[in-house]
Every structure is written in structure tokens, then in C-alpha cells.
Number of protein chains: 2
Amino acid sequence: MTNSWAQEKHDGFDMVARLRASGLRPTRQRVALGELLFACGDRHLTAETLQEEAQRANVQVSLATVYNTLHQFTEAGLLREVSVDGARTYFDTNVSDHHHYFVEGENCLIDVDGQIRIGEVPAPPEGMEVTSVEVVVRCRRIGTS
Amino acid sequence: MTNSWAQEKHDGFDMVARLRASGLRPTRQRVALGELLFACGDRHLTAETLQEEAQRANVQVSLATVYNTLHQFTEAGLLREVSVDGARTYFDTNVSDHHHYFVEGENCLIDVDGQIRIGEVPAPPEGMEVTSVEVVVRCRRIGTS
DNA sequence: ATTTGTGCAAATCGTTTGCATCTGA
DNA sequence: TCAGATGCAAACGATTTGCACAAAT
């Protein structure tokens with residue numbers, strides 16, 4: 001009884017259903033990437049990172065598809081895009097309201113546990129509405145000049 | 001007596017001295033870019049923006065030099081780099097501690113006037129020290145889907 | 001004279017796009 | 001069947017780099 005159902009059970013979630021629920025066709029690649037992304041806890045990864053991971057898992061997907069998938073997942077609310085680096089774009093599997101440490105030099109993101117209280121955010125400029133407030137705590141490993 | 005001194009006086013500051021004080025050779029291009037940058041209030045610009053402005057002012061500088069200059073100025077503490085967009089890098093002539101609105105769709109930065117109080121920032125991960133805390137208030141023009 | 005900066009064009013990096021082919025419903 | 005997804009390779013935009021030449025001390 002080692003069928004695909006058992007596999008889904010083992011992963012703790014049914015990626016096919018999750019994709020369907022988001023209006024995305026459960027294609028081989030999307031399911032595979034989704035399982036890589038959401039198998040374990042919160043993660044921050046770039047397109048390239050994810051592709052490498054896929055290769056290691058013997059899933060072959062083109063980089064273009066990885067990008068497509070990441071953006072589709074983001075649009076579907078399964079991922080959150082974080083731009084802190086200027087160079088690359090990070091995708092966060094934690095879509096809840098939270099903030100980040102950005103480790104300079106290592107170029108990695110770490111979730112800030114717990115809420116950061118932000119004193120009243122001044123009203124946005126005339127005719128604007130706030131869509132989100134992001135706090136980035138930049139840090140570096142001690143001893144790194 | 002329309003000498004270079006008079007020019008400096010007119011601009012309200014001596015860019016040559018300012019560069020020297022920062023350990024930068026006051027070359028024609030650096031002085032010109034510096035004067036464009038710091039002539040009026042706080043500004044947020046990209047390398048390309050600055051080059052266009054230079055062209056308009058009949059100062060010819062290569063894009064490579066604009067990039068070099070912006071980075072050197074940043075290193076010297078005359079500018080602050082802001083990455084909120086993923087695509088381009090903004091340089092802020094206001095180096096004081098402050099935060100930004102980022103207008104989606106228009107891709108422009110606006111200073112947040114006044115302080116944003118940030119409730120205690122959780123300690124950074126082991127072995128790390130905080131270098132800066134940045135708040136980006138993303139907003140959009142009302143009516144823009 | 002020596003050091004440092006500049007311009008150009010080519011190279012690089014992350015990301016996107018066009019299009020022919022394949023696949024899931 | 002056939003809309004929608006994928007892969008590839010070329011296109012892209014922002015930024016960097018290598019190197020010959022020019023300018024500052």
C-alpha cells in the first residue's frame with residue numbers, strides 16, 4: 001500500500017489538494033516544488049536555491065519554471081516575497097505578518113520571533129494607502145569588520 | 001572675479017572641501033555629481049536618474065563613474081543606500097536615521113517625517129550584532145487596484 | 001612621477017520572455 | 001481536445017569589471 005496517498009500522508013499535507021484549492025493545476029513540477037518548499041518549517045529561499053534543491057531531489061525543473069512557480073505561489077498567497085538585498089529576491093514560506101533579520105555577508109534571512117511593536121506609523125502621503133509595513137533588522141556576525 | 005570660489009559660495013557649500021574631508025580626490029566628475037546630489041533637500045535617486053540629471057546639467061559622466069561615485073560617497077558616509085525594490089538601488093542624500101515610504105507602481109521613495117518608535121527589537125541571533133533597523137512602509141496610490 | 005580616477009565596451013548576474021512542445025483535465 | 005504549463009535559449013536591465021587613457025597630487 002505504498003501508493004501516492006501514503007506519500008501525501010507522509011508529507012503531512014496534500015499538495016495536490018492545496019494547489020487545486022489555490023486554482024493552480026497540480027502539475028508534476030508544481031507539486032514537487034511545493035513539497036520541497038513546505039515540507040519543513042519556515043524557509044527563505046531564492047529561485048536558484050530552490051532549483052538546486054530540486055536537482056538534489058532528482059526533480060528536474062527549468063529555472064524559468066521555478067520562477068514561474070514561485071510567482072504563482074506568491075500570487076496565490078502561499079509565499080511571500082521579500083526584497084531586502086537588491087540583488088536577489090527571497091521567497092518566504094511564512095506568509096504571516098512578521099519581520100526579518102538580514103545577515104550581511106551571509107545574505108540570509110532569519111525570522112524575527114514575536115512581534116515588533118511599531119509606534120504609530122505616520123499617515124501615508126495624501127492619496128496613498130498603506131499596503132504593508134516591513135521591518136528589516138540588518139545584522140552581521142560579530143568580528144566581521 | 002567669477003572664479004571657482006564664487007561658484008562654491010553660490011551653492012552654499014564647498015564640495016571640494018567636503019570631498020577632501022572625506023578622503024576623496026575632488027575630481028571634476030565627483031564635484032559635479034556631489035553638487036547635483038546635495039544642492040537641494042533630501043533626495044532619493046538611482047544611478048541612472050543621477051546620470052540623466054548630469055547630462056541635463058551638461059556634465060558628461062559615464063554610467064560606470066556614476067556608480068563608482070555613488071558607492072564611494074556611500075562608503076564615505078555622504079550617502080545611504082536603500083534597497084527596497086529588488087530591481088534598482090536607491091541612494092538617499094539623507095544619512096540620518098529615518099525610514100521610508102515606498103510607493104508601489106511609481107517605484108519612488110518618500111521620507112517618513114518624524115521618528116517611528118519601534119518596540120524593543122528582539123536580540124539578534126547568537127553571535128550577531130545589529131547594524132541597522134529599517135522600516136519600509138509600502139503604499140500605493142488609492143484607486144490603483 | 002606616481003597614484004588615483006575615468007570612460008568605454010564587454011562581461012556578469014538575476015530575472016523575464018518568446019515560442020515550440022508537452023501535459024493534465 | 002485544447003487551454004494551460006514547461007523548457008530552452010535568447011533577451012533584458014541593472015550593475016560590475018578590465019584595461020587603456022587622463023587627471024590630480
Donor + acceptor pair across side chains of B/H44, B/D111 (<3.5 Å): yes
Phosphate contact (C/dT15 OP1 or OP2) by A/H71 side-chain N/O below 4.0 Å: no
Minimum-distance nucleotide (side-chain atoms of B/R28 versus D/dT17, D/dT15, D/dA24): D/dA24
Rounded distance (Å) that lies between atom C1' of C/dC22 and atom CZ of A/R30: 14 Å
Sugar-phosphate only, base, or nothing, as touched by B/T89 at under 4.0 Å among non-hydrogen atoms: sugar-phosphate
Touch class at under 4.0 angstrom, heavy-atom based, for B/A64 against every strand present: base
C/dT15 phosphate, OP1 or OP2, under 4.0 Å from A/Y67 side-chain N/O: yes
Side-chain N or O of A/T65 closer than 4.0 Å to phosphate OP1/OP2 of D/dT6: no
Phosphate contact (D/dA23 OP1 or OP2) by B/Q29 side-chain N/O below 4.0 Å: no
Distance, rounded to the nearest Å, where A/L50 contributes CG and C/dT15 contributes P: 12 Å
Sugar-phosphate, base or nothing in reach of A/R25, heavy atoms under 4.0 Å: base
Pair A/D92, A/H100: side-chain N/O donor-acceptor within cut-off below 3.5 Å: yes
side-chain N/O B/R20 vs D/dT25 OP1/OP2, d < 4.0 Å: yes
Rounded distance (Å) that lies between atom P of D/dA14 and atom CG of B/N107: 11 Å
Sugar-phosphate only, base, or nothing, as touched by A/Q72 at under 4.0 Å among non-hydrogen atoms: nothing
Side-chain H-bond candidate by donor/acceptor type, A/T69 with A/Q29, under 3.5 Å: no
Distance test, side-chain N/O of A/T27 to OP1/OP2 of D/dT6, below 4.0 Å: yes
A/L19 CG - D/dG4 P separation (whole Å): 17 Å
Interatomic distance where CG belongs to B/N68 and C1' belongs to D/dA22 [whole Å]: 15 Å
d(CD, A/Q51; C1', C/dT15) in whole Å: 13 Å
B/P26 or B/L63, whichever maps to the more 5' nucleotide of DNA chain D: B/L63
pair A/E81-A/F91: side-chain heavy atoms closer than 4.5 Å: yes
Whole angstrom value for the distance that separates P of D/dG7 from CG of A/L33: 9 Å
Step-by-step side chain to side chain contact (heavy atoms under 4.5 Å, CB included) determination, A/L19 to A/F73: CA-CA 9 Å; A/L19 289 173; A/F73 281 19; 3.6 Å; yes
Nucleotide C/dG5, atom P - distance to CG of B/L70 in whole Å: 15 Å
